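Below: the structure, in structure tokens.
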2 protein chains.
Amino acid sequence: MRAFKHPHPDEIELERVLYGLSDPLRLAIVRQLADCGEASCGALDGGRPKSSVSYHFQVLRDCGIIATRNDGPVHINTLRRADLNARFPGLLDAILAQGRG
Amino acid sequence: MRAFKHPHPDEIELERVLYGLSDPLRLAIVRQLADCGEASCGALDGGRPKSSVSYHFQVLRDCGIIATRNDGPVHINTLRRADLNARFPGLLDAILAQGRG
DNA sequence: TCGAGAGTTCGATATTTCTAGAACTAACAA
DNA sequence: TTGTTAGTTCTAGAAATATCGAACTCTCGA
């Protein structure tokens, strides 16, 4: 399987990041990744069919929110914390803080 | 003209706020309101027809991002800074910081 | 080389969001 | 009244998103 296309850190757009996080399933995925560090797609599917889940992972990738790498038959997803923090300081923390505490 | 319906501070949803701010025109409106304090709808139309602008103002209202009050024939819009800060500390600042010096 | 597991891609459909003209309403001034 | 300004609401169509089954690709192990 070929490598995924991720936007360069400088190309990450605020509007697209906000859009990417405006969906409940995607936000849940991002929260999980923030906690777990990394996870496969199947581990975060929320009970939906895999084609739907794959679609949402693609959205998150395209928006520059997560990175996906290929590890054998499994795809490992990570939050692009450093890139997001560098470009939009405090944004991710403010969003992830919600629903805690 | 009857009063507008605004969500109660406790009812403001993160997903909807993020969605509301994920559009360039709406984000521009919010930035302006952050600078000016308050403004009429027409002052922030970005050259679009007024039905379109009215639609976006309604989205921002429904999401709990702005409040609109009636002052004679003009509608005055303000950012719901305090409500947003109380519910999502740091979120608005992180978003507004983008695109500043 | 066969099969299984993990995800992607395709295709069709459904839902949501966006755009904008036209008609409408409210507030005010002449 | 009548007209003007400001904005909403209606309506219809366009565009973007979302959903999900089915077929496909990759990788690995038996």
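Computed from a prediction, not measured in an experiment: that's the story for all the values here.
Atoms NE2 (A/H75) and C1' (D/dC28) sit 13 Å apart, rounded to a whole Å. Computed from coordinates, the A/F4 CZ to C/dA6 P distance equals 15 Å when rounded to whole Å.
Atoms CG and CD, from B/L79 and B/Q32 in turn, are 12.0 Å apart once rounded to the nearest 0.5 Å. The CG atom of A/L91 lies 4.0 Å from the CD1 atom of A/I95; values are rounded to the nearest 0.5 Å.
Under a hydrophobic clustering in which Ile, Leu, Val, Met, Phe, Trp and Tyr are joined whenever their side-chain heavy atoms come within less than 4.5 Å, directly or via other members, A/L25 and A/F57 fall into the same cluster.
Applying the 4.0 Å criterion to OP1 and OP2 of C/dG21, one finds that B/R48 has every side-chain N and O outside that range.
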Got a list of protein N/O to nucleotides 21-23 of chain D N/O distances below 3.5 Å?
unit_1 : atom_1 : unit_2 : atom_2 : d
D/dG21 : N7     : A/S51  : OG     : 3.1
D/dG21 : O6     : A/S51  : OG     : 3.2

Protein-nucleic acid N or O pairs under 3.5 Å, nucleotides 28-30 of chain C:
none

Contact list (N/O, under 3.5 angstrom) for nucleotides 15-18 of chain C vs protein:
unit_1 : atom_1 : unit_2 : atom_2 : d
C/dT17 : OP1    : B/R16  : NH1    : 3.2
C/dT17 : O3'    : B/Y19  : OH     : 3.2
C/dC18 : OP1    : B/R26  : NH2    : 3.3
C/dC18 : OP2    : B/Y19  : OH     : 2.6
C/dC18 : OP2    : B/R26  : NH1    : 3.2
C/dC18 : OP2    : B/Y55  : OH     : 2.9

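Listed by chain and number, the residues in a salt bridge (charged side-chain N to carboxylate O under 4.0 Å, His left out) with B/D35 are B/R100 (sequence neighbours excluded). When the salt bridge (charged side-chain N to carboxylate O under 4.0 Å, His left out) test is applied to B/R69, the partners found at least two apart in sequence or on another chain are B/E38. Under the rule for a salt bridge (charged side-chain N to carboxylate O under 4.0 Å, His left out), the partners of A/D83 that lie at least two apart in sequence or sit in another chain are A/R80. In terms of the side-chain contact (heavy atoms from CB on, under 4.5 Å) criterion, B/A86 has no residue partners (sequence neighbours excluded). Contacts of A/R61 classified as side chain to side chain donor-acceptor pair (under 3.5 Å), with partners at least two apart in sequence or in another chain: A/T68. Applying the side-chain contact (heavy atoms from CB on, under 4.5 Å) rule to B/A28 yields no partners; only residues at least two apart in sequence or on another chain are considered.
A centroid separation of less than 6.0 Å is found between the aromatic rings of B/H75 and B/F4.
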In residues 45-56 of chain B, what donor-acceptor pairs under 3.5 Å come from side-chain atoms, sequence neighbours left out?
unit_1 : atom_1 : unit_2 : atom_2 : d
B/D45  : OD1    : B/G47  : N      : 3.1
B/H56  : ND1    : B/R26  : NH1    : 3.0

Anything under 3.5 Å between a donor and an acceptor, one on a side chain of residues 8-20 of chain B, the other on a protein residue two or more places apart or in another chain? List them.
unit_1 : atom_1 : unit_2 : atom_2 : d
B/H8   : ND1    : B/D10  : N      : 3.1
B/E11  : OE1    : B/H8   : N      : 3.2

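Of the residues in residues 34-45 of chain A, those placing a heavy atom less than 4.0 Å from an atom of DNA chain C are A/S40, A/C41, A/G42, in numerical order.
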